[in-house]
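Take a look at the structure below.
All ligand and atom numbering here is 1-based and tracks the order in the structure.
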Amino acid sequence: MSDPLVIREDRGPTTHLTLNSPGNLNALSDEMLAALQDALDRLAEDTGQRVIILKGAGRVFCAGHDLKQMQAARQDEDDGARAWKDLFDRCSTLMQTLPRLPQPVIAQVHGLAAAAGCQLVASCDMAVAAEDARFGVNGVNIGLFCSTPMVALSRVMPRKQVFEMLTTGEFLDAARAREVGLINRVAPSDELDAATQELAETVAAKLSSAVRIGKRAFYEQADLTIEAAYALTGEVMVTNMLDHNTEEGISAFLEKRPPNWRRSE
Ligand SMILES: C/C=C/C(=O)SCCNC(=O)CCNC(=O)[C@H](O)C(C)(C)COP(=O)(O)OP(=O)(O)OC[C@H]1O[C@@H](n2cnc3c(N)ncnc32)[C@H](O)[C@@H]1OP(=O)(O)O
C-alpha cells in the first residue's frame, strides 16, 4: 500500500496535517488536493480538535501545482483545458475551505512555499516559518502568470508587494514575509515545530465556542460595508455573551479566580 498523501496526527486538541509527497516537493496534484480537502472536511465535523497545523514532509513546505501532471494533460487540447479547469476549481475550493473551517489553521513553513504553495500559506489563518524559509509566486519564470494565488495574497499582503512577487517571480525571506504580513512568527529551523505547537496550544486553550464564532465573523465582516460589518460583529458579540461559559469567564475575572469552563462546547 502506498503512503498516504496527507498524514493526520492528533496531538491533544491540535491536529497536524502533513503534505506527504516529498519526492516532488509536496506538489499540489489532483490527488494531493483531494486528500487535503478530504482531511479538512472531516476536521470540520470534529469539534474535539480546536486548532489545525498544516505542514510539509521532506525538504520544503510545498512547490506549488504539480507541473508534471499539468503538462501531461496537454496531450489533448479539449481534455487538457477541462483537466486544468478542474484542477484550478478544486484548488480554489480548497483555499476557500480553510477560512470557512471552524478551527484556526496555522501553516508551518520550512524550506520553500512556491506559487500555489504560497497561496496555501496566505489562505491559512496564521503562519509560522523557519528563519531560512522562502516565499514566492514564481510561475512567471516558466511563462505561467499565477492568477489564482493573487486572490488570497492580495487579501493579506500589500497589493504592490503581491504584484511585484507575481511579476518578478522573486522570493521573500521569512523576515520580509513577516514584515509584509504573509506570516505571523519566525523561528529558528530546529525550533519551528515547537514554536508552531506553542501558538496552537495558546489558541486551543481559549474557549473554543468563542474562537469558532470569532473566526467566522472575522471573514464574514471583511466582505461587508463598515456599517454592515459593525451590525454583524455586534450580533456576534451578543451571541458570544449569551454563552454560559462566557458568563463564567467574566464572573471568574470579577471574582479574581481562574474560569471553570464546562468543556462540553
Ligand atoms: C496558480 C499556481 C500555479 C503553480 O503553482 S505552477 C507551479 C509553480 N512552481 C514552480 O514553478 C516550482 C517548480 N520547482 C522549482 O522551481 C524547484 O523544484 C525548486 C526551486 C522548488 C527546488 O529546486 P531544487 O531544490 O533544485 O529541487 P528540484 O530538483 O528542482 O526538485 C526535486 C524534485 O521535485 C520535482 N518538482 C519540484 N517542483 C515541482 C512541481 N511544482 N511539480 C512537479 N514536480 C516538482 C522536481 O521535478 C524534482 O523531481 P525529480 O527528482 O524527479 O527530478
**OP:** For N240, enumerate each residue passing the side-chain hydrogen bond (donor to acceptor under 3.5 Å, both in side chains) test, keeping only those at least two apart in sequence or located in another chain.
**Re:** T246
Subject >> Residues clustered with L242, ILVMFWY side-chain links under 4.5 angstrom >> reply: V238
Subject >> Within one Ile-Leu-Val-Met-Phe-Trp-Tyr cluster: V105 and L153, side-chain cutoff 4.5 Å >> reply: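 Yes.
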Original post:
Are I52 and L5 co-members of a hydrophobic cluster defined by side-chain heavy atoms under 4.5 Å apart?
Top reply: yes
Subject >> Side-chain heavy atoms of T97 within contact of Q37, under 4.5 Å >> reply: yes
Original post:
Which residue pairs satisfy the ring pair (Phe, Tyr, Trp, His ring centres under 6.0 Å) criterion with at least one member in residues 31-65, sequence neighbours excluded?
Top reply: H65-F88
Which N/O atoms of ligand 1 sit under 3.5 Å from a protein N/O, and at what distances?
{"from": "ligand 1", "atom 1": "5 (O)", "to": "H65", "atom 2": "N", "distance (Å)": "2.9"}
{"from": "ligand 1", "atom 1": "5 (O)", "to": "A116", "atom 2": "N", "distance (Å)": "3.2"}
{"from": "ligand 1", "atom 1": "9 (N)", "to": "A63", "atom 2": "O", "distance (Å)": "3.0"}
{"from": "ligand 1", "atom 1": "25 (O)", "to": "R59", "atom 2": "NH1", "distance (Å)": "2.7"}
{"from": "ligand 1", "atom 1": "25 (O)", "to": "R59", "atom 2": "NH2", "distance (Å)": "3.4"}
{"from": "ligand 1", "atom 1": "27 (O)", "to": "R59", "atom 2": "NH2", "distance (Å)": "3.1"}
{"from": "ligand 1", "atom 1": "34 (O)", "to": "G23", "atom 2": "O", "distance (Å)": "3.4"}
{"from": "ligand 1", "atom 1": "41 (N)", "to": "A63", "atom 2": "O", "distance (Å)": "3.1"}
{"from": "ligand 1", "atom 1": "41 (N)", "to": "H65", "atom 2": "O", "distance (Å)": "2.9"}
{"from": "ligand 1", "atom 1": "42 (N)", "to": "H65", "atom 2": "O", "distance (Å)": "3.4"}
{"from": "ligand 1", "atom 1": "42 (N)", "to": "L67", "atom 2": "N", "distance (Å)": "2.9"}

